[in-house]
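Working notes, structure below.
The chain is numbered in sequence order, starting from 1.
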Amino acid sequence: TVTQVVAGTPAEAVALPVGATIVSVESQGTRLDTLTPAAFSDFTNTSNAAITVAYMKGEEVVSVTLTPEQNIVPDAPERYAVGIALALIEEERKPIHVAMYEAIKTTGTMLVGIMVGIATLLGQSVQGTADFSQVAGPIGIVGLVGDAAEFGVTSLLMFTAIISLNLAVINMLPFPALDGGRLVFVAIEAVTRRPISPVWTARLNLVGFALLMLLMVAVTWNDIARIL
């Protein structure tokens, strides 16, 4: 299944869509027998000619012809490629109790991964080494939702769950205007046994909210710049 189409490549030129299921690949009479991402990459690199890719579009089989080019794979510019990323995707049905257990386990794994990712990003931001090119705001998320929808309802629900987990982790950060910041205030009050002045609480929340809005503007501008 096509999971990504790189801009400015032969795959984009023939409008090979994300989510397409490839059913056959051939070049100069030679057919690729093993349809795996690694086999496709090797076949594209060694064919030295245009390749014909047939994929499912709904109930219809569509064929396109692509000519592999160099300087597409960043880590190996000498390799010939057409500009798509592939993955083996299958659907597996399980009993409801097994599915629930797997869902809980997957949620835990994702939650830990998100926490580590956000902590790493914040740490790198303090050090001035953070890469914000992959950070998406509202506009970027809309595009990602469209990509997820290409793979069906299951992928869209999974992406929605990932967004929800991200929001949950971010909301618990110890920062004013977030629930995590409120928990810090409660903890301070519990230790000092005195209520924090509502005036200072409001001021800190206002500053925190303003910084969050500035961050949102910066991320949104990054989304727009990426599109342009």
Side-chain angles (χ1 to χ4, degrees), residues 3-4 18-19 87 89 94 96-228:
T3 59
Q4 181 184 8
V18 171
I89 298 177
K94 297 183 178 180
I96 184 64
H97 66 284
V98 177
M100 291 294 293
Y101 170 75
E102 293 293 336
I104 294 172
K105 186 170 67 173
T106 301
T107 300
T109 301
M110 286 185 176
L111 189 59
V112 172
I114 291 170
M115 293 172 64
V116 171
I118 291 178
T120 301
L121 179 63
L122 292 175
Q124 292 176 345
S125 298
V126 174
Q127 298 172 1
T129 60
D131 179 14
F132 293 99
S133 62
Q134 299 302 314
V135 177
I139 296 176
I141 290 176
V142 170
L144 293 174
V145 168
D147 292 340
E150 293 284 347
F151 293 94
V153 176
T154 301
S155 296
L156 183 58
L157 291 175
M158 180 72 74
F159 183 72
T160 303
I162 293 174
I163 293 177
S164 299
L165 289 175
N166 270 277
L167 292 176
V169 173
I170 292 174
N171 195 42
M172 293 306 296
L173 292 176
F175 190 81
L178 298 177
D179 287 346
R182 178 57 186 161
L183 288 177
V184 172
F185 292 154
V186 172
I188 293 175
E189 291 176 341
V191 172
T192 61
R193 297 183 182 278
R194 290 185 303 175
I196 298 176
S197 171
V199 175
W200 280 104
T201 300
R203 289 174 179 174
L204 289 173
N205 284 331
L206 180 61
V207 172
F209 183 77
L211 292 175
L212 289 175
M213 290 300 99
L214 286 175
L215 177 62
M216 183 64 68
V217 170
V219 173
T220 302
W221 175 254
N222 186 51
D223 289 342
I224 296 174
R226 189 182 296 127
I227 293 174
L228 298 177

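A distance of 9.5 Å separates CG in Leu121 from OG1 in Thr129, rounded to the nearest 0.5 Å. Between the CE atom in Met100 and the NZ atom in Lys105 there is a gap of 14.5 Å [rounded to 0.5 Å]. Rounded to the nearest 0.5 Å, atoms CD1 (Ile163) and CG (Leu167) are 7.5 Å apart. Atom OG1 in Thr160 sits 11.0 Å away from atom CG in Leu165 (nearest 0.5 Å). Note that CG of Leu183 is 11.5 Å distant from CD1 of Ile188, once rounded to the nearest 0.5 Å. Note that OG1 of Thr220 and CD1 of Ile139 are 5.5 Å apart. Values are rounded to the nearest 0.5 Å.
Of all heavy-atom pairs between Val219 and Ala136, the closest is CG1-C, 3.7 Å. Shortest non-hydrogen contact noted between Leu211 and Phe175 is CD1-CZ, 3.8 Å. Residues Gly208 and Ala177 share a closest heavy-atom pair of C-CB, 4.0 Å. A pairwise comparison of heavy atoms in Ile118 and Val169 identifies CD1-CG1, 3.6 Å as the closest pair. Considering every non-hydrogen atom in both Leu204 and Pro176, the closest pair reads O-CB, 3.2 Å.
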Show the numbers, then the answer: is there a side-chain contact (heavy atoms from CB on, under 4.5 Å) between Val199 and Arg203?
CA-CA 6 Å; Val199 175; Arg203 289 174 179 174; 3.5 Å; yes
Evaluate Met110 against Met158 for side-chain contact (heavy atoms from CB on, under 4.5 Å), listing each step before the verdict.
CA-CA 11 Å; Met110 286 185 176; Met158 180 72 74; 3.2 Å; yes
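Using a 4.5 Å heavy-atom threshold, the side chains of Leu178 and Leu212 count as touching. In this structure, the side chains of Leu122 and Leu173 come closer than 4.5 Å at one or more pairs of heavy atoms.
A donor-acceptor contact shorter than 3.5 Å is absent between the side chain of Asn222 and the backbone of Ala218.
When the shell of 6.0 Å around CE of Met213 is examined, it contains more than 12 heavy atoms from other residues, nucleotides or ligands.
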